[in-house]
Trainee: 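Sharing a structure with you now.
When a ligand or atom number is given, it counts from 1 through the structure's own listing order. Computed from a predicted model, the values in this text were never measured in an experiment.
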Amino acid sequence: MINKIKGTYDILPEDSAKWQDLEDVIRNVSKLFNFKEIRTPIFEYSELFHRGVGETTDIVKKETYDFEDRGGRSVTLRPEGTASVVRSIIENKLYADATQPLKLYYQGPMFRYERPQKGRYRQFHQFGAEAIGSNSPLIDAEIINYAATFLQALRIKNIKIKINSLGDAESKELYKEKLREYLRPNIHQLCGDCNRRYEENPLRVLDCKVDKDNPVLIEAPKPLDFLTEESKYHFDQVIAALDAIGLDYEIDKSLVRGLDYYTHTVFEIDADLESLGAQSTLVGGGRYNKLVESLDGPDTPAVGFAFGLERLLLALESVDKPQNAPFIHCFMIALGDDVQADALTMVNDLRHGGLICDYDFFNKNLKGKFKQAERLNAFFILIYGEEEAKEKMINVKDTRSGIQERVPLRNLYNYIVNNLNPSHGSCSGNCSSCDEC
Ligand code: AMP
């Protein structure tokens, strides 16, 4: 037997509905914010990630799946989405589109060679968004609001928005210098990776998972204290916009994020949920004003985020869901060979009107037919025989209220739609006297 690769998993039929529901929410919330989907290949030339994500990041140093293709080119399975989106924008010259900023989202599998554990896989999925072409602090706030609204739509509560600023390139350089000065006498107290990071990019030291509780790191100088005037103004504006929207947030001066390309705003949203365990960060993101240029595009500011979908599904295990038992709207029982064609046509018309319908295909007795309607959780049972056909009527039983009525065929669709919501009570849907009709 050939087994799946370590760190990967199958989404089996019993679980696929959960994924589809999650993907529906991604699409719906993205539409509300007017973000459009972009789909890029799952592998790219390795150089894209080396330059885009950063040579000094853990992802590029230790986690990418790199291989040589049969033509001798070095290619990499994408470890994240942003570099590919930016590559595509440059290659397709989308930065010249009339509508700016470009507001794009993506979702799909990513690949990182990490130690597999709960919530951490070698093939995992991300939903990410990028707003490219505007340096406005309002769009930083908009991106954070988009991520928070998505979590609200999933009914995920107990979330904490953490926000910080790394400032522009000048602020970052100044800060790196101060940090190096501070770390120099203490670096031997930190792990081997931190010693390497200290040489290559000291900002990475603050993101260390091994030494995160080490007092050397806790007491280190913070980027927010070294912002240029312009960077400070940008951050203040982001905060003012979040206040105006009414989102609760916390300024976390230690937040830096693992990727090299961030400038200005960085943020994470954590959820305090039992089902998540220690992996409580649901989304990370921020502004990356230098990435487009560093991948040979024009100087273009951008801001974005990425959610891990596996972690969202874990978070959803702690969420009280409405009882959404599978249901259908109508189940048609046609009695007698002569009325079958008519009944099928009726069912088809109801489907074209957006109603989920099924049909009785078995020659069972009436009790068996009703039993089948019950198993399918049909809201309405439609009973149509020769007598009804003659009178151009149909019997409709609302299984939730138990009320059965004879309805003119031409009114059937309206009757069903008007009575779908049980709050109508006993109204037949065309009384023209109740509030709803
Ligand atoms: P990053 O691209 O590292 O900022 O990660 C963004 C989000 O992707 C994280 O908050 C996680 O939810 C998710 N993520 C990152 N790496 C993995 C992984 N190996 N397995 C599952 N989810 C991951």
Trainee: Hey, which atoms in ligand 1 end up nearer than 4.0 Å to a heavy atom of E114?
Mentor: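 So the answer, numbered in order with elements, is 16 (N), 17 (C), 18 (C), 19 (N).
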Trainee: Using a 4.0 Å cutoff against the non-hydrogen atoms of T281, which atoms of ligand 1 qualify?
Mentor: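 Going through ligand 1 atom by atom, the ones under 4.0 Å from T281 are 10 (O), 12 (O).
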Trainee: For the pair K369 and D360, find out whether any cationic side-chain nitrogen is under 4.0 Å from an anionic carboxylate oxygen.
Mentor: yes
Trainee: List ligand 1 atoms under 4.0 Å from A306, heavy atoms only on the residue side.
Mentor: 6 (C), 7 (C)
Trainee: What ring-ring contact (aromatic ring centres under 6.0 Å, His included) pairs are there with at least one residue in residues 150-204, not counting sequence neighbours?
Mentor: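 Qualifying pairs: F127-F150, F150-F307, Y175-F226.
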Trainee: For ligand 1, which part of Q126 has a heavy atom less than 4.0 Å away: the side chain, the backbone, both, or neither?
Mentor: side chain
Trainee: Give me the one residue out of T8, L77, T64 that meets side chain to side chain contact (heavy atoms under 4.5 Å, CB included) with F111.
Mentor: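 With F111 as partner, T8, L77, T64 yield a single side chain to side chain contact (heavy atoms under 4.5 Å, CB included), made by L77.
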Trainee: Is the OH atom of Y233 crowded by more than 12 outside heavy atoms at less than 6.0 Å?
Mentor: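 Open: at most 12 neighbouring heavy atoms sit under 6.0 Å from OH of Y233.
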Trainee: Is it true that G284 lies under 4.0 Å from ligand 1, counting heavy atoms only?
Mentor: no
Trainee: Going by heavy-atom distance to atom 1 (P) of ligand 1, choose the closest among R122, R112, E80.
Mentor: R112
Trainee: Looking at residues at least two apart in the chain, or sitting in another chain, which of them share a side chain to side chain contact (heavy atoms under 4.5 Å, CB included) with E374?
Mentor: K371
